[in-house]
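Per chain, numbering begins at 1; letters A, B, ... match sequence-line order. Computed from heavy atoms alone, side chains included, the values below leave out hydrogens, waters and symmetry copies.
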Amino acid sequence: MQYHTPGNFEDAVSIAAKADGVTRFLAGGTDVLVQLRADIVTPDVLIDIKKIDGVKDIAREGGGWRIGVAVTGAEMSEHSELEAEWPGLVEAMDLIGSTQVQGRATLVGNLCNGSPAADSVPAMFAAGASVSIIGPNGSRKVAVADIPTGPGRTSLEKDEAITAVHIPARGKNGGDAYLRFIPRTEMDIAVVGCGVNLRVDGDTISEARVSLGAVAPTVLLVQAAADAIIGTSLDDAAMDALAAAASAACNPIDDKRGTIKFRTHVAGVLARRAAKIAYDRARASK
Amino acid sequence: MSMIHVTTTVNGDEVEFLCDPRETLLDVLRDRLALTGSKEGCGTGDCGACSVTVDDRLVCSCLMLGAEAEGKSIATVEGIADGEELHPLQTKFIEYAALQCGICTPGILVATKALLEKKPDPTETEVRYWLAGNLCRCTGYDKIIRAVMDTAADLRKAS
Amino acid sequence: MGINEKITSDFKVVGTRPNRPDGVDKVTGRAKFGADAYAPGMLHAAIVRSPHAHARIVKIDTSKAEALKGVKAVVTRADFAEGLTGENWNILENVMASDTALYDGHAVAAVAATSALVARDAAKLVEIEYEQLPHVTDVDKAMAPDAPVIREGAADKSVPEGLHPNVVRYHDSGHGDVEAGFAEADLVIEDHFKTEATHQGYIEPHACLAQLGPDGKGEVWCCTQGHFNVQKVCAALVGTETSQIRVTASEIGGGFGGKTVVFIEPVALALSRKTNRPVKLVMSRSEVFRATGPTASTSMDVKIGMTKDGKITAGKGVFRLQGGAFPGAPMEFTAMCAFAPYALENVHQIGYDVMSNRPKQAAYRAPGSPMAAFAVESVIDELCNQLGLDPIEVRLKNASKQGTKASFGPKFDRIGLVETLEAAMAHPHFSAPLQPGQGRGISCGFWFNHGGETAVSLALSEDGTVALSVGTPDIGGSRASMGQIVAEELGIAYESVRTTIADTATLGYNEISHGSRVTYATGLATIKAARDVVKKLSARAAAKWGIDEEAVIWEDGCAKPAGPNAGEFEPLPLAKIARSMGRTGGPIVGHYEATPEGAGVSFATHIVDAEVDKETGQTKVVRYTVVQDAGKAIHPTYVEGQFQGGAAQGIGWALNEEYIYGEDGRLQNSIFLDYRIPVASDLPMIDTVIVEVPNPGHPYGVRGVGETSICPPLAAIANAVSNAAGVRLRELPMSPPRILEALEQQAAKG
């Protein structure tokens, strides 16, 4: 295995373009190293992108945020402004693994690992986040929702790398939340995850995005679930419609972490609970 | 197989080593630097027995490559005591019997020291969640949590 | 009464809570565990394991592995002893497969190389041709007529005719007439229960460093609960003589029964013999889960009859235990423990030991007993609920006492079940109000405890300190309690005792640290060895004073004349006798070797409050209290630690831990991410009450405490969850999907 520490993204993707065999970019390594150790993926070329300028920065961008690709969960949780605006996103990231994993794990790593159960991804879907991608033909900006294509797969080419995550401006009267179900209180992979991001006009929800994790081959953005609560004050009927839409969107599998039936049911439960939190946050915000 | 030359600081001392790019920081600490206090309980970041701090950030040394240690400052369990003076956490762990077999103890001490430096007055719940990535199979955590809470109280009084 | 038979009840050191002697080593990272040993010229080994649940090994081609730079040797079954029989054959077959891989993870070959990375790479280059065979991993399916046969002829004579060849042992015991008993009952409940296999989950993977030279002399350093057993088994498996292999037990990072078994040491020895270099072999976590012993999984039927006023009229249980691809599932313990807490006139228990394509089960803390308690205590709880009776009063009414004919045969001596029930009833937890959504469960539990072969040695130093050598690895703080015992007997400071786990060349045979035997048996041997030293010290004093040895007594660390008739002499302290021992007859060493058989049985009662989220099926244990009879607690803090640890492991077993096999017979959750042991944020503080009903078979009254603590939790939590959810849970783990399923079925029934 070759190990590279390029000083800029152009060099990074150039190494990737020329590499033979399996290439992996290394940021926090909390998935890459596990796969290496378990003989699941042994990269031939490992490109550590942490020496690149700016990858550890959380910076204002327009009214929103630009988050560097090597920013860890712990660093996000310690950023009080980011947390105040996007508590759901920060909490989602914070749910991943232990305190130790938080010291290394990154949003982009979570996204590129391609797991439908990744906690931060439904939160990014709900937030409407996007990423900048660099490749041999230059740069482009893509919605996070367009990155995952299947379990362990993304729309990124082998010689492309994500250079930053962009979180939109919070705007007025908005709130987000992310909840997941795990059997223990910590350390598990989500059996179901649900992100809700919404805006209110008075008591009425004017905009909403609802996402689900671990219930389909990729994280889902569920328009029907959002539609169920837009224009409502999250009354019981809206909650029921939301839960039904969330469950209806599920296309899960039976596996060691949960059953189809369980996941489908719990998706509805979490949608209700996450929507309530997001709604309360939106109404409390200025 | 080309080895990588790394210069880093471990417990305040500058060290150099050569490692295979696939070797983890834990492999390097144990097999190349003879610092066997950090333990491998899982190799997948699930047990915390290999906990160290890197530039004061708590991490699993099994989830970091040795090559990534270049230019960093690493602290392990071997550096917790100040010469013959045990750290208050170490004294309290013995006094409370916060260990039975002791294999998880190095990781738990590194993790709790990092917690108390960040947050001197944690609640019981905060201690439990902070330590959720440090598995202990012997104690049921009860005496560990009590030892940490009591150390924190003592340290607050002393400061 | 001679000094050797003295019963002590007035203690100075025993019952206090001194710091453990290995404390500083363990908080500084200095303590050397299994994987912490290194030797000059050492090679690293890796094991090649079967990816199939059941497959004939057609061909093993090691040429590519051997050609890799840095590889020094590859071993297969051909490199081990031939002609073994009985359990040695079973162990070898498990350590290294011969012609058939019997479970996912079964060792098939091993490699030694100059680094761990090269060894792992080489293991991947060993080419094995398999012919897959039909497999079975479920206990009930393994007994069904169409189940594939794991191994013809594995059954012993106990098995009645007509059963599937996978049923390899059978147990039938009891007394009275259960049918007549059921006829007397006002309510009879019969129910079916299942429990999945769980792993001991010690955080330290198996590890060893071994050397075996062409002279047949070997050395092994390893983490084990019993290094004398490792010595015996290794010698047999590599075909050398027991005494030629010296085994040193490292510090052990948890065992709970799982490190009573030999897995890797013979492999490292075989590789060392082939290379004439020391070989280190460390399992990965995944190997620990796939190839070392989990518990048996079970399928159980329990039927109990009760009168309206709470008297149990009869109990019957059928216990089917799957123990992997070898005989040995502890079904007789399950059967014998099931009804042990209760004085029953009519009781009948049947056990089946069933083989399947899973790893060979290993002991796990009171092997077999927790599952039995889960089934029996669940039925008792249901009877209490339906008859409107208090669960503790019913248990008190039926509790076994001194003189009760136990469900497994003999009469109980002095036991402390009633005392634990009374203490539980008096505990504030039992009467504390519950919050909405919460339920309370209680359960009793029983374990036999064990004595076993034991040898210790106690050597006096000229400065008046002593070195105690024991042969039972310290798995829970036993060096502290042994030090207390020596200090108590000799009347010296606790700090003046240094306790060492001696290697196999230093002491006579010591049975494994299992069966909750160390504080009882090694403790008893230590008392006797100390009394041997006292006798020798007294003899020196007698000689100095010119009086009879019988005229000297030992008190407060000094030899004293027994009374006025013995003469007037200044008390002679131990330190003074020690200082002159070279001139007064030479070294003073006490020792004791025996197989003590008076291990007192132990009972516990647990109280649990659990909260169930009925929308998601998630359970939170909100309050937990352990009440257990310790006989006499030598070091109460470490006794509490055993109580708490057993309860925590029981919580994991009850709620989340399980072996999950796919249709392909492969283990799907072989890492801690998916084998979900309790983490710190899952648990509440675990309250403890130490009951002390002295064991008549021990000079201080000690009973073993390590295992009984895991017997009640499965049932206590199941009862709490069932009471919180309003529906009976009959299958472990009570995972969220299972709880939701049960709630749904309940709702469908109306």
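- Heavy-atom distances place the backbone of C:Ala31, and not its side chain, under 4.5 Å from chain B.
- Classification of C:Asp682 and B:Arg128 as a salt-bridged pair fails, no side-chain N sitting under 4.0 Å from a carboxylate O.
- Contact of C:Val288 with chain B is not made at all, since no heavy-atom distance falls under 4.5 Å.
- Heavy atoms closer than 4.5 Å to chain B are found nowhere in C:Pro18, neither backbone nor side chain.
- Using a 4.5 Å cut-off between non-hydrogen atoms, the part of residues 82-112 of chain B that approaches chain C consists of B:Leu86, B:Gln90, B:Phe93, B:Ile94, B:Glu95, B:Tyr96, B:Ala97, B:Leu99, B:Gln100, B:Cys101, B:Gly102, B:Ile103, B:Thr105, B:Pro106, B:Leu109.
- For B:Asp56, the CG atom sits in a loose shell: 12 or fewer heavy atoms of surrounding residues, nucleotides or ligands are nearer than 6.0 Å.
- Of the atoms belonging to C:Gln649, heavy atoms from both backbone and side chain fall under 4.5 Å from chain B.
- Taking each heavy atom of C:Phe672 and B:Cys47 in turn, the nearest pair found is CD1-CB, 4.2 Å.
- Between B:Asp46 and C:Arg285 no salt bridge is recorded (no basic side-chain N to carboxylate O distance below 4.0 Å).
- In terms of non-hydrogen atom pairs under 4.5 Å with chain C, the most contact-rich of B:Gly37, B:Gly45, B:Cys42, B:Gly43 is B:Cys42.
- Contact count against chain C (heavy-atom pairs under 4.5 Å) is highest for B:Lys143 among B:Lys143, B:Glu78, B:Arg146.
- Only the backbone of C:Gln200 comes within contact range of chain B, with heavy atoms under 4.5 Å apart.
- Put simply, of C:Val27, C:Asn19, C:Asp25, the one with the most heavy-atom pairs under 4.5 Å next to chain B is C:Val27.
- Here C:Ser681 contributes atom OG and B:Glu126 contributes atom CD; the two are 12.5 Å apart, rounded to the nearest 0.5 Å.
- Taking 4.0 Å as the cut-off between side-chain N and carboxylate O, B:Arg137 and C:Glu657 count as a salt-bridged pair.
- In terms of heavy-atom pairs under 4.5 Å with chain B, the best-connected choice from C:Val282, C:Asp22, C:Ile252 is C:Ile252.
- Counting only distance, with no hydrogens or angles, the side chain of C:Tyr202 and the backbone of B:Cys138 share no donor-acceptor pair below 3.5 Å.
- For C:Tyr638, the part lying under 4.5 angstrom from a heavy atom of chain B is the side chain only.
- Each of B:Val77, B:Ile145, B:Leu135, B:Leu35 has some count of heavy-atom pairs under 4.5 Å with chain C, and the biggest count is that of B:Leu135.
- Counted by atom type alone, B:Asp31 and C:Tyr38 present one or more donor-acceptor pairs between their side chains at under 3.5 Å.
- Comparing C:Pro678, C:Gly476, C:Gly477 by heavy-atom pairs within less than 4.5 Å of chain B, the highest count is held by C:Pro678.
- Residues B:Thr139 and C:Gln644 have side chains not in contact (no heavy-atom distance under 4.5 Å, counting atoms from C-beta outward).
- With a 4.5 Å cut-off on non-hydrogen atoms, B:Glu124 touches chain C through its side chain but not through its backbone.
- Within the 3.5 Å criterion, the main-chain N or O of C:Met685 finds no donor-acceptor partner in the side chain of B:Asp142.
- With a threshold of 4.5 angstrom between heavy atoms, C:Ser284 does not approach chain B through any atom at all.
- The choice from C:Gly641, C:Ala648, C:Gly652 that makes the most heavy-atom pairs within less than 4.5 Å of chain B is C:Gly641.
- Within 6.0 Å of NZ on B:Lys72 lie no more than 12 heavy atoms contributed by other residues, nucleotides or ligands.
- Proximity to chain B is absent for every atom of C:Tyr624, based on heavy atoms less than 4.5 angstrom apart.
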